[in-house]
Amino acid sequence: MIKKFEGKNIVITGGASGIGRLMVRSLANKGANVIILDINQSNLDTVVNEIRSDGNKGSGYVCDVGNFDAVEETKNQISAEHGFVEILINNAGIVVGKYFIDLTVDEIERTMRVNAMAGMWTTKVFLPEMIEKNRGHLVNIASSAGMVGVAKMTDYAASKFAHIGFDESLRMELKQMKKNINTTIVTPYFINTGMFEGVKSRFSFLLPILDENKVANKIINAIEKKKERVITPPMVYTLFPLRLLPVPVFDWVANFMGINATMKNFVGRGKESTLP
């Protein structure tokens, strides 16, 4: 049986846990040589061992993707050891979950570096060869928080708004350049990976906390079908027409839906995470 990603080198950041790990396992089962970038050596070793024990190809590199020099150095090592990377999945991310007044400068800078700048840094180093070969796929895992501001997520929302804007502008540039390089932006609601532990949804039948396995499968399906956008759950699509409303009305709707109360009981993992 021909596997969908047979022989393709796929780099995924933050792939040692959460939906990153799920995507890594699935892509490896589909024939890909998965190359994981993460800051957690122990988690990296565990996931790589899982992949190889299944008879699949995978390797891991400890890399702070928020640091351009580290990303460039790791890219050079990957190129030397694996060759051309055809698919890049920018999945790494962190969340703090505080009111802006309580955030430290270091926390804000860290969030912006990992959630926004890291995707630019990895794209900066891997895109040139994609352009040279005129093929490739760039996948950016953002968030619905990149489409609507949420209380206690000022730094996170700002980083995800930036991520979405980066993806959209880059898509336009690649089309202007007439390059056969696909882009996919993913904007999920909260996912049950543990990263947003304690988050509650007021109307769970409309805005459910998403299952990590289903989200991972949606993303991989989007890559296979070269879809440019993945928004989940469908209720998030209503943000587009709601933006046409006067600001007070928009804010009332957001509050009624409980969006600004979702982070009220946020706990998280209590430490830095590398998930979207």
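Residue indices begin at 1 and follow the sequence shown.
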Contact list for residues 146-155, test salt bridge (charged side-chain N to carboxylate O under 4.0 Å, His left out), sequence neighbours left out: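 As it turns out, there is no salt bridge (charged side-chain N to carboxylate O under 4.0 Å, His left out) pair with a partner in residues 146-155 once direct neighbours are skipped.
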
Applied to residues 50-62, the salt bridge (charged side-chain N to carboxylate O under 4.0 Å, His left out) test, sequence neighbours excluded, yields R21-E50, R25-E50, R25-D54

I'd like to check the side-chain contact (heavy atoms from CB on, under 4.5 Å) partners of T184; sequence neighbours left out, ordered by chain and number.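 Partners of T184 under the side-chain contact (heavy atoms from CB on, under 4.5 Å) test: H137, V139, V186, A222, V230.
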
Per the side chain to side chain donor-acceptor pair (under 3.5 Å) rule, what does the pair list look like for residues 167-178, sequence neighbours excluded?
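For residues 167-178, and leaving out neighbouring residues, the side chain to side chain donor-acceptor pair (under 3.5 Å) pairs sorted by first residue read N140-D167, K175-E228.
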
Name the orientation class of the two ring planes belonging to F256 and W252 (parallel below 30°, tilted from 30 to 60°, perpendicular beyond 60°).
parallel

Fill in: Worked verdict on D38 versus N43 for side-chain hydrogen bond (donor to acceptor under 3.5 Å, both in side chains)
CA-CA 8 Å; D38 206 289; N43 286 354; 5.7 Å; no

Checking Y61 against E81 for the side-chain hydrogen bond (donor to acceptor under 3.5 Å, both in side chains) test, could you report, in this order, the C-alpha distance in whole Å, the side-chain angles of both residues, the deciding distance, and whether it holds? CA-CA 12 Å; Y61 297 82; E81 296 175 2; 2.5 Å; yes

Using distance only, find each side-chain donor-acceptor pair of residues 125-135 under 3.5 Å and give its atom names and separation, not counting sequence neighbours.
unit_1	atom_1	unit_2	atom_2	d
N134	OD1	N180	N	2.8
R135	NE	E86	OE1	3.4

- Query: Is there a donor-acceptor pair under 3.5 Å between the side chain of T183 and the backbone N or O of L138?
  - Reply: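 The answer is no, because no donor-acceptor pair under 3.5 Å joins these two groups.
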
With side-chain contact (heavy atoms from CB on, under 4.5 Å) as the test, would you mind laying out the steps for T123 and L88 before giving the verdict? CA-CA 8 Å; T123 302; L88 168 64; 4.0 Å; yes

All N/O donor-acceptor pairs, side-chain side in residues 232-251, below 3.5 Å, sequence neighbours left out:
unit_1	atom_1	unit_2	atom_2	d
T238	OG1	M235	O	2.7
R243	NH2	M147	O	2.5

| said: Here's a test for you: under side chain to side chain contact (heavy atoms under 4.5 Å, CB included), which of T104, L103, D102 qualifies with V96? | reply: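 So, applying the side chain to side chain contact (heavy atoms under 4.5 Å, CB included) to V96 and each of T104, L103, D102, only L103 qualifies.
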
Checking K30, K218, K8 against E224 for salt bridge (charged side-chain N to carboxylate O under 4.0 Å, His left out), the one that qualifies is K30

Using distance alone, with no hydrogens and no angle criterion, decide if N91 and T13 have a side-chain donor and acceptor under 3.5 Å apart. no

